[in-house]
Engineer: 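Following this message is one structure expressed as structure tokens.
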Amino acid sequence: MLLWVALCCRIMNDWLDIMNDWLDILNPPQREAVTHVDGPALVIAGAGSGKTRVITYRVAYLVRECGVAPWNILAVTFTNKAAEEMRERVARLIGEKTPGRLSISTFHSTCAGVLRREATRVGLTANFTICDEHDQHAVVKTVVRELGIDDKEIKPRQAQWIINQAKMRMLGPSDVGRILQSKHEQEYVRIFEAYNKVMARSDACDFEDLILKCVELFQGNDEARQEWAARWPYIMVDEYQDTNFVQYQLLAALAREHRNLCVVGDEDQSIYSWRGAEISNLLDFRENFPEARLIRLEQNYRSHGNILSAASHVIERNRERLGKTLWTERPDGPPLYLIRARTDRDEAGEVVSRIQELHDSHGLPYHEIAVFFRANALSRVVEDRMREWSVPYRMIGGIRFYDRMEIKDLLSYMKLAANPNNDISMLRVINTPRRGIGQKSIDAVLEEAGAKNQTMFVTLKQMAAENRLPRGGKKSVAEFLGLLETWRADVGKLSPSTLLERILSDTGYIEALGDENAIEVVTRRENIDELKASIVQWEKEYLNATLDDYLEMVSLTSATDDFDQKAGAVSLMTVHAAKGLEFSCVFLMGMDNEIFPNRRSIEEGSLEEERRLFYVALTRAKDMCVLSRADSRFYNGRQSWNQPSMFLRELPREKIEDVDEMDYNAVSDFCAVRRQLREDVVREAVGDDEDLLIGGMKSAEREAQRRLDERIIDARRRARQRRDEEKTAGTDELRPGVRVRHPLLGVGEILSAENAGDDRKLSVLFEDGSEETLYARFARLKVIEA
DNA sequence: TACTATCCTCTTTTT
DNA sequence: GAGGATAGTA
């Protein structure tokens, strides 16, 4: 036990990185990247090569060894989760008590922060609203209707898509007009223009605007650009392969003089081209920054050899790559397994029963297991099976908490209190709960607002003052406006949670939900309680934060951000959501043509990105990877029959076996070692801090795995040596005093030997103390020492 | 104006 | 299969 405490303490130390030679933990290329200080650098970091470690260590290195102030470093990621994790790790490395002073955040929140400061320079107010895609869709829809465009001819979704794609490339309506030629397509230009007008009028930004407006500010106002560039003399970017044009422009504007831009990425994991990501940003980095240092991280610390070589084999078919060769010190481990099922239900059943087997009989914790699929729609079948068999699971992604109807309603009220000119929120709640303001009244207000180019709030006030409201809604509108005014007046004084309470009681929202015994209403009420609790929690965490801060956090939180691997549950998610994560055992479902790769990519011949996605899925697995498919499945509302995925044929044949051959040793070895790393021992080493405990366990597991692998490698090496050294024993060599090895019984010493016919009868004392009588011809003994 | 029933379309991935 | 739009009814 004492030994384990000692071991755990050592692991803790590793993990807390409080050793003096804190950089010793890095391998040579990692170290090179971490200690690269001035000038641009491009770090090509293969899957599982310690990318996050490099980024966090480099930030820490700049602070600890180069005297750079934490707030002078900007580290950009794509998800809040990645930012959060990085912030914690850096804070630990530099012993920073207030990690808030570190500028580690997503592109979107970084830019939102800049815009709040620079509001007046970009034509916004400091409490502008951030619209998510739902809000955006609503705006586009109203715009389409207002312009009198037939939404059967022009789909609002399509228009929204074009607007976003244009903004990512810094193209305005007129550019779109030039690119899209047909008369029919010119409607998009009108929609785009009108959309921008509504957004400007509402003092609102969509996701793309956040970045776009920053870049426009920096490009149009050199003073502002230089101020911000001076604030962040060191810039790091994670997942650089996922940056789009406008994001590149942002980085380029900030780094123009100091050029301290260190980007980390992997072209093989570029899976967001549909969101404008330009893989060329990575591939051409050295054309834009010719003096950039190129560093490759090619050692994989995550996967068994077989998983890694299967994945590498797949990705080698791609042409759009710089090329790299990942290698691992880990042993081969088991091959990949394939589940072939008749139907999607059978497929899911087989997956779930394998999961139970892994967990119940081999001790693999649920949180080390994940199920991936190409599209969200595929999750249903597994979820059903999981519930049926009582396997705890968590669906990552899917609908965000903040996207639930009642939550959106209440947040809209809060947004209106912060900024009553937000027409999007106004439309959402003007008649929720019902207050008799019907479609007719709303249309009238909208029409007048559009004509005068002013917001609904302003228009409503005018109409109320001039007594021009439609009869039905007159009184309620007056009341509603009154409420808005009082909330607005109190925003500065009230905390977000008290404001929410006020809104709930003033509007009677909860009562209006209806019968409190209806299941649906019960869940809605629960959600509202959860919202209240989460705001209170948030206020405790960020003491001086304002309502705007809260609303910004909510808008920029994604469905995958609240993912928490410590929950004792299997993780279910799309392959996209899986990027950056790792699990002992990964199940990848729906390996069928038209599913993965999906139909669109086959039709468009854009298979490289699908293949990268497949590569990402495979490289998440540490010990075991199970693929599954079904001959027929229920998809898109009807039965379909699919051929096995073409990607299955791209796997090396010798690396994939039927699931019935499954060898659980890969995980049970891991689990055995893990069992020795008892949680209570780790707890003793780290105290009661839950995060430390989880981090400690994870790092202890990693250490356990490393030791296990080391043992396996070592045993193999010795076995090889023995094979070379040992000669097959001739019978004449078998005489008393000679040490021999028996394939089953181990090492022993010959006590006596006598000829028996043409064989030799031996008595051998083995190391475990047993004495055996053996016949030399059958025993296949090998002489170790004569 | 409010509520319900039925039909239609669209489903890749998400900050 | 689910959400949204539309039409019909109270």
Side-chain angles (χ1 to χ4, degrees), chain A residues 76-83 105-112 130-134 136-138 141 145 151-152 155-158 160-161 164 167-168 205-211 239 242-244 246-247 270-277 372-381 384 396-400 403 405 431-442 470-473 476 512 514 552-561 573-579 590 594-604 606 609-610 612-614 616-617 633-640:
Chain A
V76 203
T77 63
F78 276 86
T79 66
N80 295 299
K81 199 178 134 274
S105 61
T106 63
F107 269 105
H108 298 270
S109 358
T110 304
C111 289
I130 300 171
C131 293
D132 62 20
E133 67 201 334
H134 264 97
Q136 188 185 34
H137 185 64
K141 248 179 5 189
R145 195 177 309 159
D151 64 5
K152 298 238 164 30
K155 300 267 187 296
R157 279 253 167 264
Q158 187 64 17
Q160 188 183 3
W161 169 261
N164 285 335
K167 289 189 176 190
M168 290 172 209
C205 279
D206 59 40
F207 286 145
E208 305 319 323
D209 283 337
L210 292 174
I211 297 160
E239 307 281 13
D242 288 334
T243 51
N244 61 31
V246 65
Q247 287 160 343
S270 165
I271 54 176
Y272 284 109
S273 70
W274 49 276
R275 241 171 64 191
F372 301 158
F373 26 79
R374 177 66 240 265
N376 273 310
L378 294 171
S379 76
R380 275 188 62 91
V381 216
D384 288 347
I396 313 302
I399 2 154
R400 293 189 318 158
D403 280 340
M405 186 191 91
N431 199 29
T432 317
R434 305 256 136 78
R435 48 172 73 86
I437 307 176
Q439 200 57 51
K440 270 215 173 118
S441 321
I442 295 174
R471 262 173 302 133
S476 18
E552 179 174 311
M553 183 279 289
V554 167
S555 307
L556 296 179
T557 298
S558 76
T560 44
D561 285 335
M573 66 191 90
T574 64
V575 183
H576 279 89
K579 190 164 78 157
E594 315 222 323
I595 304 280
F596 197 4
N598 71 24
R599 203 164 105 215
R600 224 166 151 152
S601 68
I602 297 174
E603 281 165 1
E604 291 171 2
S606 55
E609 180 147 319
E610 291 290 297
R612 288 193 289 266
L613 201 49
F614 183 42
V616 167
R633 66 177 72 244
F634 216 72
Y635 194 64
N636 287 359
R638 63 190 138 91
Q639 195 81 10
S640 69

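Below, each value reflects all heavy atoms present in this structure, side chains not excepted, and no hydrogens, waters or symmetry copies. These numbers come from a predicted model, not from an experiment. Each chain gets a letter, A, B and so on, in the order the sequences are listed, and its residues count up from 1.
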Engineer: Once rounded to the nearest 0.5 Å, what's the spacing between atom CD1 of I130(A) and atom CG of D206(A)?
Structural biologist: 10.0 Å
Engineer: Within the structure, does a side-chain N or O atom of S109(A) lie under 4.0 Å from either OP1 or OP2 of dT15(B)?
Structural biologist: no
Engineer: Side chain of K155(A) only, please: which of dT14(B), dC10(B), dT15(B) is the nearest?
Structural biologist: dC10(B)
Engineer: Between N164(A) and S601(A), which is nearer to the 5' end of DNA chain B once each is assigned its nearest nucleotide?
Structural biologist: S601(A)
Engineer: Tell me the interatomic distance from M573(A), atom CE, to dT14(B), atom P, rounded to whole angstroms.
Structural biologist: 11 Å
Engineer: dT15(B) P sits how many Å from E239(A) CD, rounded?
Structural biologist: 12 Å
Engineer: Counting primed atoms plus P, OP1 and OP2 as sugar-phosphate and everything else as base, spell out the protein contacts along nucleotides 2-10 of chain C at 4.0 Å heavy-atom distance: B, S or - for each nucleotide, 5' to 3'.
Structural biologist: S--S-----
Engineer: Can you tell me the distance, in whole Å, between the NE2 atom of H108(A) and the C1' atom of dT15(B)?
Structural biologist: 4 Å
Engineer: For N598(A) and for E133(A), find the nucleotide of DNA chain B with the closest heavy atom, then tell me which residue's nucleotide is more 5'.
Structural biologist: N598(A)
Engineer: In whole angstrom, what separates N431(A)'s CG from dA2(B)'s C1'?
Structural biologist: 10 Å
Engineer: Send over the distance from W161(A) CH2 to dT11(B) P, rounded to a whole Å.
Structural biologist: 11 Å
Engineer: From the options dT13(B), dA2(B), dT15(B), select the nucleotide whose nearest atom is closest to the side chain of A375(A).
Structural biologist: dT13(B)
Engineer: Which residues pass the salt bridge (Lys or Arg N to Asp or Glu O under 4.0 Å) test with R145(A), not counting sequence neighbours?
Structural biologist: none
Engineer: How many Å lie between CG on N80(A) and C1' on dT15(B), as a whole number?
Structural biologist: 8 Å
Engineer: Under 4.0 Å between a side-chain N/O of N376(A) and OP1 or OP2 of dT13(B), yes or no?
Structural biologist: yes
Engineer: Of all heavy-atom pairs between S109(A) and E552(A), which one has the smallest distance, and what is that distance?
Structural biologist: O-OE2, 4.3 Å
Engineer: Who are the side-chain contact (heavy atoms from CB on, under 4.5 Å) partners of A138(A), not counting sequence neighbours?
Structural biologist: none
Engineer: So, the side chain of E603(A) versus the backbone of R600(A): is there a donor-acceptor pair under 3.5 Å, distance only?
Structural biologist: no
Engineer: Using the aromatic ring of W274(A) (for Trp, its six-membered ring), decide whether it stacks on the base of dT13(B) within the limits of 5.5 Å and 30°.
Structural biologist: yes
Engineer: Looking only at the side chain of T106(A) (C-beta and beyond, no hydrogens), which of the listed nucleotides dT15(B), dT14(B), dA2(B) gets closest?
Structural biologist: dT15(B)
Engineer: So what does D242(A) touch, heavy atoms closer than 4.0 Å: a base, only the sugar-phosphate, or nothing?
Structural biologist: nothing
Engineer: Using atom CZ of R275(A) as one end and atom P of dT14(B) as the other, report the distance to the nearest whole Å.
Structural biologist: 9 Å
Engineer: Once you apply a heavy-atom cut-off of 4.0 Å, does F78(A) come out as touching a base, just sugar-phosphate, or nothing?
Structural biologist: sugar-phosphate
Engineer: Charged N to carboxylate O under 4.0 angstrom, R275(A) versus D242(A)?
Structural biologist: no
Engineer: Aromatic contact between Y272(A) and H576(A), with the criterion being ring centroids under 6.0 Å apart: yes or no?
Structural biologist: yes
Engineer: Between R612(A) and E609(A), does any NZ, NE, NH1 or NH2 come within less than 4.0 Å of an OD or OE carboxylate oxygen?
Structural biologist: yes
Engineer: Nearest-Å distance, OH (Y635(A)) to P (dC10(B))?
Structural biologist: 15 Å
